[in-house]
Visitor: 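Would you mind keeping the following structure in view while I ask a few things?
Both ligands and their constituent atoms are indexed starting at 1 by order of listing.
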Amino acid sequence: MRELQTYSNIVVLTGAGISAESGLKTFRDNDGLWEGHRVEDVATPEAFLRSPATVHRFYNMRRQQLIKEAEPNAAHAALAKFEEQFQGQYLLVTQNVDDLHERAGSKKLIHMHGELRKAWCTCCDETFTWEKELTTETGCPSCDQSGYMRPNIVWFGEIPYQIDEIQTRLLECDLFVSIGTSGNVYPAAGFVQFARSTGADTLELNLEPSLGNQHFLVSVQGKATDLVPQYFKL
Ligand code: BV8
């Protein structure tokens, strides 16, 4: 690994681990994410079809927790500051649906799995910033139809947002850094191999070695609020 400022094109991927110290549970905490529900049982289109009220409750609860309790932490802040100072090309891709990166000041940001504070009308295809509850009766502010509103979240089995742009940037970068992700979920878990295929250096900062740990040139274990400010300073 070289000094960070010697790279010209950096892509960073974050996962639930970067928001853990802001009090948001990760997906694979041993006590599970929500009342023992497997995420795949509440975060799929089939689950929404089968039991929309349960899925709405799952996201309403998380949205309120994000709004009322969670604040960006030192890792979010360090990435935002680095983005501002770094002279090269930079992109932050997050798997997280929280808005802690934006609130810390990140701008060059893609939410590949959607956003908890956004709602989507599947009737008129409009999306809206959304802070309130969503229910099966919620009316669309644009087309007025009821019963078509869902969280603007990419569920298992759905195609992540801006995946073509992300893959292009991965092939162009000379450094790929993965922070706070277990490497369980694809296509994000395969990004390191995309980046390596064109010779990028690859760095993993995580509490424990991820499932894809062997693909990284350098892998450092530790807490995001310790490691990210340490690595992302110019
Ligand atoms: C796709 C929104 C095709 C939901 C999320 C069978 C049927 C259908 C699909 C599949 C299948 N088998 C496999 C698949 C693909 C599937 C998949 O990967 N499944 C897994 C379970 C095997 N993927 C998909 O379906 C994706 N779509 O494949 O479409 C396609 C693809 C490309 C091009 C064309 C077509 C869509 C997946 C999106 C699912 N939605 N989020 C919601 O949030 O409610 S995923 C969800 O998991 C979150 O976004 C989360 O971020 C993400 C990944 O988890 P992590 O972020 O890694 O979190 P985790 O808890 O696992 O790990 C946290 C890590 O942090 C740990 O390692 C821990 O040690 C560390 N940590 C903890 N504390 C700290 C820390 N590190 C540092 N500091 C700390 N303090």
Visitor: Pairs of nitrogen or oxygen atoms closer than 3.5 Å, one from Thr181 and one from ligand 1: do any exist?
Guide: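 It does: an N or O of Thr181 is found under 3.5 Å from an N or O of ligand 1.
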Visitor: Just by distance, do the side chain of Glu83 and the backbone of Lys107 share a donor-acceptor pair under 3.5 Å?
Guide: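 Indeed, once roles are kept as given, a pair shorter than 3.5 Å links the two residues.
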Visitor: Report, in ascending order of atom number, the atoms of ligand 1 lying under 4.0 Å from any heavy atom of Asn96.
Guide: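 Within the 4.0 Å cut-off of Asn96, ligand 1 contributes 51 (O).
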Visitor: Is the shortest N/O to N/O distance between Gly183 and ligand 1 below 3.5 Å?
Guide: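 No, no N or O pair falls under 3.5 Å.
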Visitor: Nearest non-hydrogen contact with atom 37 (C) of ligand 1 belongs to which option: Thr44, Thr225, Val185, Leu205?
Guide: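 It is Val185 whose heavy atom sits nearest to atom 37 (C) of ligand 1.
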Visitor: Any side-chain heavy-atom pair from Lys81 and Pro229 closer than 4.5 angstrom?
Guide: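 With C-beta onward as the side chain, the pair stays apart.
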Visitor: Which is closest to atom 53 (C) of ligand 1 by heavy-atom distance: Gln95, Lys223, Arg62, Glu204?
Guide: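 Result: the heavy atom closest to atom 53 (C) of ligand 1 is in Gln95.
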Visitor: Find the distance between OG1 (Thr168) and CD (Gln162) and round it off to the nearest 0.5 Å.
Guide: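 It is 11.5 Å, given to the nearest 0.5 Å.
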Visitor: Quick one, Leu234 and Gln87 - any side-chain contact, counting heavy atoms below 4.5 Å?
Guide: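 They are not in contact (no side-chain heavy atoms under 4.5 Å apart), so the answer is no.
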Visitor: Between ligand 1 and Gly15, is the shortest N or O to N or O distance under 3.5 Å?
Guide: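 In this structure, Gly15 places no N or O atom under 3.5 Å from an N or O of ligand 1.
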Visitor: I need the atoms of ligand 1 closer than 4.0 Å to a non-hydrogen atom of Glu21, numbered in the order shown.
Guide: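 Result: 78 (N), 79 (C), 80 (N).
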Visitor: For Thr225 and Asn73, test the side chains for any donor-to-acceptor distance below 3.5 angstrom and give the result as yes or no.
Guide: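 Side-chain D/A pair, Thr225 to Asn73: absent.
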Visitor: Just grab all the side-chain hydrogen bond (donor to acceptor under 3.5 Å, both in side chains) pairs involving residues 137-146, residues at least two apart or on different chains.
Guide: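 Applying side-chain hydrogen bond (donor to acceptor under 3.5 Å, both in side chains) to every pair that reaches into residues 137-146, excluding sequence neighbours, yields Thr135-Thr138.
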Visitor: If we set the cut-off at 4.0 Å for heavy atoms, which region of Ile153 has an atom near ligand 1: side chain, backbone, both, or neither?
Guide: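 It is the side chain that touches ligand 1; the backbone stays farther off.
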Visitor: Would Ala224 count as being in polar contact with ligand 1, using the rule that some N or O on each side must be under 3.5 angstrom apart?
Guide: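 Yes; the residue has a nitrogen or oxygen that sits under 3.5 Å from a nitrogen or oxygen of the ligand.
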Visitor: Tell me which one of Ser182, Gly157, Pro187 gets a heavy atom nearest to atom 62 (O) of ligand 1.
Guide: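 Considering heavy atoms of Ser182, Gly157, Pro187, the nearest to atom 62 (O) of ligand 1 sits in Ser182.
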Visitor: Thinking salt bridges, do Lys118 and Glu102 make one under a 4.0 Å N-O criterion?
Guide: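 Answer for the salt bridge query: no.
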Visitor: Please name the residue in the list Tyr59, Trp130, Tyr161 that meets the side-chain hydrogen bond (donor to acceptor under 3.5 Å, both in side chains) test with Asn152.
Guide: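 Checked Tyr59, Trp130, Tyr161 against Asn152; only one passes side-chain hydrogen bond (donor to acceptor under 3.5 Å, both in side chains): Tyr161.
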Visitor: Would you check whether Ile159 has a nitrogen or oxygen atom less than 3.5 angstrom from a nitrogen or oxygen atom of ligand 1?
Guide: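 No; every N/O pair is 3.5 Å or more apart.
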Visitor: Considering the heavy atoms of Ala20, write down every atom of ligand 1 situated less than 4.0 Å from one of them.
Guide: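 Listed by number with element, the hits are 73 (N).
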Visitor: Which class fits the ring pair Phe191 and Phe176: parallel under 30°, tilted 30 to 60°, perpendicular over 60°?
Guide: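 It falls in the perpendicular class, over 60°.
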Visitor: Give the atom numbers and elements of ligand 1 that come within less than 4.0 Å of a heavy atom of Tyr59.
Guide: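 Those of ligand 1 that fall under 4.0 Å from Tyr59 are 4 (C), 42 (C), 44 (O).
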Visitor: Would Arg2 and Tyr7 count as a cation-pi pair here, with the cationic atom under 6.0 angstrom from the ring centre and within 45° of the axis?
Guide: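 Geometry flag: set, cation within 6.0 Å and 45°.
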Visitor: Which option out of Asn184, Leu227, Ile166 puts a heavy atom nearest to atom 22 (C) of ligand 1?
Guide: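 Nearest option to atom 22 (C) of ligand 1, by heavy atoms: Asn184.
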Visitor: Among Phe156, Tyr161, Tyr186, which one has a heavy atom closest to atom 26 (C) of ligand 1?
Guide: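 Ranked by closest heavy atom to atom 26 (C) of ligand 1, first place is Tyr186.
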Visitor: Of all heavy-atom pairs between Gln221 and Glu204, which one has the smallest distance, and what is that distance?
Guide: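 Looking at all heavy atoms of both residues, the closest pair is NE2-OE1, 4.3 Å.
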Visitor: Which ligand 1 atoms are under 4.0 Å away from a heavy-atom of Gly180?
Guide: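 Every atom of ligand 1 under 4.0 Å from some heavy atom of Gly180: 63 (C), 64 (C), 65 (O), 76 (N).
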Visitor: Determine, considering heavy atoms only, which of His111, Glu158, Gln167 sits nearest to atom 36 (C) of ligand 1.
Guide: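 The option holding the nearest heavy atom is Glu158.
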Visitor: Can you check whether Ile18 reaches Thr94 side chain to side chain, under 4.5 Å on heavy atoms?
Guide: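 Side chain of Ile18 against side chain of Thr94, heavy atoms only: no contact under 4.5 Å found.
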Visitor: Could you establish whether Gly222 and ligand 1 come within less than 4.0 Å of each other, counting only heavy atoms on the residue side?
Guide: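 Yes, Gly222 has heavy atoms under 4.0 Å from ligand 1.
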Visitor: For Trp155, take its heavy atoms, then give the atoms of ligand 1 lying under 4.0 Å from any of them.
Guide: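 Near Trp155, the atoms of ligand 1 are 36 (C), 39 (C).
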Visitor: Have a look at ligand 1 and work out which part of Val97, if any, has a heavy atom under 4.0 Å from it: side chain, backbone, both or neither.
Guide: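 The part of Val97 near ligand 1 is the side chain, not the backbone.
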Visitor: Of the backbone atoms (N, CA, C, O) and the side-chain heavy atoms from C-beta on, which set of Ala16 has a member under 4.0 Å from an atom of ligand 1: side chain, backbone, both, or neither?
Guide: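 Near ligand 1, Ala16 shows its backbone as well as its side chain.
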Visitor: Among Arg63, Lys68, Arg117, which residue meets the salt bridge (charged side-chain N to carboxylate O under 4.0 Å, His left out) test with Glu131?
Guide: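 By the salt bridge (charged side-chain N to carboxylate O under 4.0 Å, His left out) criterion, Glu131 pairs with just one of Arg63, Lys68, Arg117: Arg117.
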